[in-house]
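Note on naming: letters A, B, ... go to the chains in the order of the sequence lines (proteins, then strands), and numbering restarts at 1 for each one.
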Amino acid sequence: MFYHIFNLVFEGIVDMSMENKKLVEAITSMDEDFAQWYTDIVKKAELIDYSQVRGCMVIRPYGYAIWENMQKVLDGMFKETGHENVYMPMFIPESLLQKEKDHVEGFAPEVAWVTHGGSEKLAERMCVRPTSETLFCEHYSHIIQSYRDLPKLYNQWCSVVRWEKTTRPFLRTTEFLWQEGHTAHATFEEAQEETIRMLNIYARFYEEYLAIPVIKGQKTEREKFAGAQSTYTIECLMHDGKALQGATSHNFGDGFARAFNITYLDKDNQLKYVNQTSWGATTRMIGAVIMVHGDNDGLVLPPKIAPIELVIVPIAMQKEGVLDKAYELKEKLSKTFRVKLDDSDKSPGWKFSEYEMKGVPLRLEIGPKDIADNKCVLVRRDTREKVSVSLDNLQDEIAKLLDDIQKNLYNKALKLREEKTFETDNFEDFKNIIEKSPGFIKAHWCGDEKCEEKVKEETGATSRCIPFGESKRDGAKCIVCKKEAKELLYWGKAY
RNA sequence: CGGGGUGUAGCUCAGUUUGGUAGAGCGCUUGGUUCGGGACCAAGAGGCCGCAGGUUCAAGUCCUGUCACUCCGACCA
């Protein structure tokens, strides 16, 4: 009898607590279903909406603001290193696309074709650019004549279209936003220098602004860009242990120059081919930020690229003086920080959850009690830590906290990557790791593409890069064929 | 491109088995009370049941086709 009653009561409690939990837990837990967690975040943080167009998304103001912040910083870095922005057509005539053989073969399966203008069939169909190498090359062939015209350091911000089979917001969409740098140089060495310079810029951007640690390295032959002589990459690791290519930089040598006849007359009066590079980064960076820093309460944004660094939530705002004080703080703080004051009549608790979902780094609570004490409460998104601070040195306190959050996010991400990075010489171990605790695996390789292929077939992992600054161990053997190793590689399942 | 899942109100979904008046919760609007972790009361607005055919007196429900989203693979940033 007692037991029965106890059970009923107990069940009642359990039911209630679960109901409450459901109300609060707006998104799927990342441990339960990482893919669903990701989808929940992009929608609930109001980054995107799905559109009527297959595989394409609407980037909403909050999502686009993140992109604008990324653009602003990267564009500044490009300009500092002497690059100029241009804009190329979005269409490429078929004949132009086909000039470089490897390149067209790489992209042919995923281009969209325009066949009609109005109701008239075009004499030559055009593709919607999947990337603009051919257009830049065509243009360079017109404007480069002398060694005095070099180097040409161009970049463009635009969208490109690749007809992907399956799509996911930010990670892979049919149309996506990016920047593509295209440069032309007199010598191979200069092109190589540029390739690495831009790779380093991406790495710095990831680490300093996105708070994401990266592995810099070179792609293997199998993984390199269609038409490139060598491809370099920055690789980062997501929360679920999958790798994501953060940005790439390619040295084309004179391959495209030969196909497009881009020549210049050198000092020695010899006609020579230029050497080219290209490098790009995309809205996929937003996906990286989500999957590296996000948690079960939503997005977590690094302060340096957060559209809102600080949100002010007034408490008991119908009470005399609260809103006035909140407006006053907003005005003062907006001079230094990106600030939002939420004076809507939602409850404070709702606002707390909402801005946590949106990953706003800092929350400022101001209520009657604080005002009486000349204080306010600051709450960090990353650690949930609450501090009560005097209104007198608020600016300094906020600056310090934002700086600390930025650093903490980087350190947490680095720690996560270290925990998920393994090294092995044994193929069976390799398979086990990939299956049971996915992450980066460092393993030696003989240089044969067949071994690379075998790893992919049997484990699903691909080679991510030949890392800079980490050399192979003397006498090490290939993880697959056990022959003498040529390189140490990072491997992993990738997005 | 192959395999699975899902399309009904802005969102999450019930209703489909067995055809017969279009539903719930949340959100939204208006008014009021609240406000330091997703508040409450009252009154409202809101749907061509993804789209197109077909079967039927009658289709959200049955049949055929198609489109989109999503997950898992192959391809890619």
Side-chain angles (χ1 to χ4, degrees), chain A residues 19-28 33-36 38-40 42-44 46 49-57 105-111 130-131 159-180 202 219 223 225-226 231 233-236 243-250 278-288 297-298 313-319 322-323 342-357 363-371 375-377 379 384 386 388 456-457 460 462 493-495:
Chain A
E19 249 172 58
N20 287 339
K21 219 178 162 189
K22 227 176 181 177
L23 260 175
V24 177
E25 258 183 32
I27 58 173
T28 311
D33 183 345
F34 194 80
Q36 189 57 47
Y38 180 84
T39 307
D40 286 351
V42 295
K43 290 216 71 179
K44 298 230 161 95
E46 297 181 355
D49 185 26
Y50 287 101
S51 73
Q52 281 302 310
V53 190
R54 174 207 175 96
C56 295
M57 60 184 175
E105 278 173 11
F107 281 100
E110 51 181 1
V111 295
T131 177
S159 74
V160 289
V161 166
R162 298 181 189 175
W163 216 256
E164 299 289 350
K165 311 269 164 61
T166 58
T167 57
R168 296 187 66 190
F170 296 117
L171 300 175
R172 180 172 304 108
T173 46
T174 301
E175 179 187 14
F176 57 93
L177 302 178
W178 78 345
Q179 68 51 227
E180 47 179 328
Y202 289 133
K219 288 286 187 189
E223 299 286 327
F225 180 80
T231 290
T233 176
I234 51 174
E235 296 287 324
C236 35
L244 185 131
Q245 180 176 301
T248 50
S249 187
H250 318 284
S278 88
W279 26 274
T282 77
T283 33
R284 186 182 256 191
M285 291 191 285
I286 297 172
D297 292 319
V313 178
I315 308 294
M317 65 183 190
Q318 84 290 2
K319 300 231 167 100
V322 172
L323 263 182
D342 189 341
D343 58 359
S344 72
D345 60 2
K346 302 272 195 216
S347 74
W350 188 92
K351 292 175 187 172
F352 296 168
S353 304
E354 177 69 8
Y355 294 102
E356 277 167 15
M357 177 65 72
R363 175 172 84 234
L364 187 156
E365 298 174 21
I366 181 97
K369 288 179 221 161
D370 302 304
I371 294 169
K375 283 173 154 178
C376 70
V377 173
V379 188
R384 316 300 167 102
K386 276 190 189 189
S388 182
K456 185 165 189 195
E457 266 170 27
T462 49
K493 283 196 178 177
Y495 273 101

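- With both ends at atom C1', the span from B/G46 to B/U29 equals 10 Å, rounded to whole Å.
- For B/C51 and B/U8, the C1' atoms lie 14 Å apart once the distance is rounded to whole Å.
- With B/A68, B/U70, B/A39 as the choices, the nucleotide that has an atom nearest any side-chain atom of A/Arg54 turns out to be B/A68.
- With a cut-off of 3.5 Å on both Watson-Crick or G-U wobble distances, the partner of B/G10 is given as B/C26.
- Note that A/Arg172 lies outside the cation-pi zone of A/Trp163, set by a 6.0 Å cut-off to the ring centre and a 45° limit from the axis.
- The existence of a salt bridge linking A/Glu110 and A/Lys165 is excluded, since no basic side-chain nitrogen approaches an acidic carboxylate oxygen closer than 4.0 Å.
- Distance noted for atom C1' between B/U16 and B/U61: 4 Å (whole Å).
- Toward the 5′ end of RNA chain B lies the nearest nucleotide of A/Phe352, the other residue of the pair A/Asp33 and A/Phe352 mapping further downstream.
- A/Tyr495 has its OH atom 17 Å from the P atom of B/C75, to the nearest Å.
- B/G10 and B/A45 have their P atoms separated by 16 Å, with the value rounded to a whole Å.
- Only the P atoms considered, B/G20 is 15 Å distant from B/C63, to the nearest whole Å.
- Under the Watson-Crick or G-U wobble criterion, with both distances below 3.5 Å, B/G47 is left unpaired in every strand shown.
- Side-chain atoms of A/Asp40 and A/Thr28 include a donor-acceptor pair closer than 3.5 Å.
- When each of B/G36, B/C76, B/G38 is scored by its nearest atom to the side-chain atoms of A/Met357, the top-ranked nucleotide is B/G38.
- Across all strands shown, B/G31 pairs with B/C41; the Watson-Crick or G-U wobble distances both stay below 3.5 Å.
- In terms of position along RNA chain B, the nucleotide closest to A/Pro348 lies nearer the 5' end than the nucleotide closest to the other residue of the pair A/Glu354 and A/Pro348.
- Rounded to a whole angstrom, the distance from the C1' atom of B/G37 to that of B/A52 is 50 Å.
- As the counterpart of B/U64, B/A52 is assigned, both hydrogen-bonding distances of the Watson-Crick or G-U wobble pattern falling under 3.5 Å.
- By the 4.0 Å N-to-carboxylate-O rule, A/Asp343 lies too far from A/Lys351 to be salt-bridged with it.
- When rounded to the nearest whole Å, the span between CD1 of A/Ile27 and C1' of B/U12 equals 15 Å.
- For A/Glu110 and B/C76, a side-chain-to-base donor-acceptor distance below 3.5 Å is absent, hydrogens and geometry of angles not being considered.
- Atom CZ of A/Phe34 is separated from atom P of B/C72 by 11 Å (rounded to the nearest Å).
- Between A/Phe225 and A/Phe107, the ring center distance clears the sub-6.0 Å criterion.
- In a base pair of the Watson-Crick type (N1 to N3 plus N6-O4 or O6-N4) or a G-U wobble (N1-O2 and O6-N3), with each distance short of 3.5 Å, B/G73 is matched with B/C1.
- Here the side chain of A/Glu356 is nearest to one of B/A39, B/C75, B/G37, namely B/G37.
- No donor-acceptor contact under 3.5 angstrom links the side chains of A/Thr174 and A/Glu164, judged on distance only.
- B/A74 atom C1' lies 13 Å from atom NZ of A/Lys493, rounded to whole Å.
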- From CA spacing to verdict: salt bridge (charged side-chain N to carboxylate O under 4.0 Å, His left out), A/Arg363, A/Glu365: CA-CA 6 Å; A/Arg363 175 172 84 234; A/Glu365 298 174 21; 2.9 Å; yes
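- Following rounding to the nearest Å, A/Tyr50 (OH) and B/U70 (C1') show an atom-to-atom distance of 7 Å.
- Distance check on atom C1': B/C67 versus B/C28 gives 30 Å, rounded to whole Å.
- You'll find a donor-acceptor pair under 3.5 Å spanning the side chain of A/Arg363 and the base of B/G37, going by distance alone.
- Atom CD in A/Gln36 sits about 11 Å away from atom C1' in B/U6, given to the nearest Å.
- For A/Arg172, counting side-chain heavy atoms from C-beta on, the closest listed nucleotide (B/C35, B/C75, B/C1) is B/C75.
- Rounding to whole angstrom units, CZ of residue A/Arg168 and P of B/C72 are separated by 6 Å.
- One can place CG of A/Asp370 at 14 Å from C1' of B/C35, the figure rounded to the nearest angstrom.
- Spacing of C1' atoms, B/A68 relative to B/U34, comes out at 43 Å, to the nearest Å.
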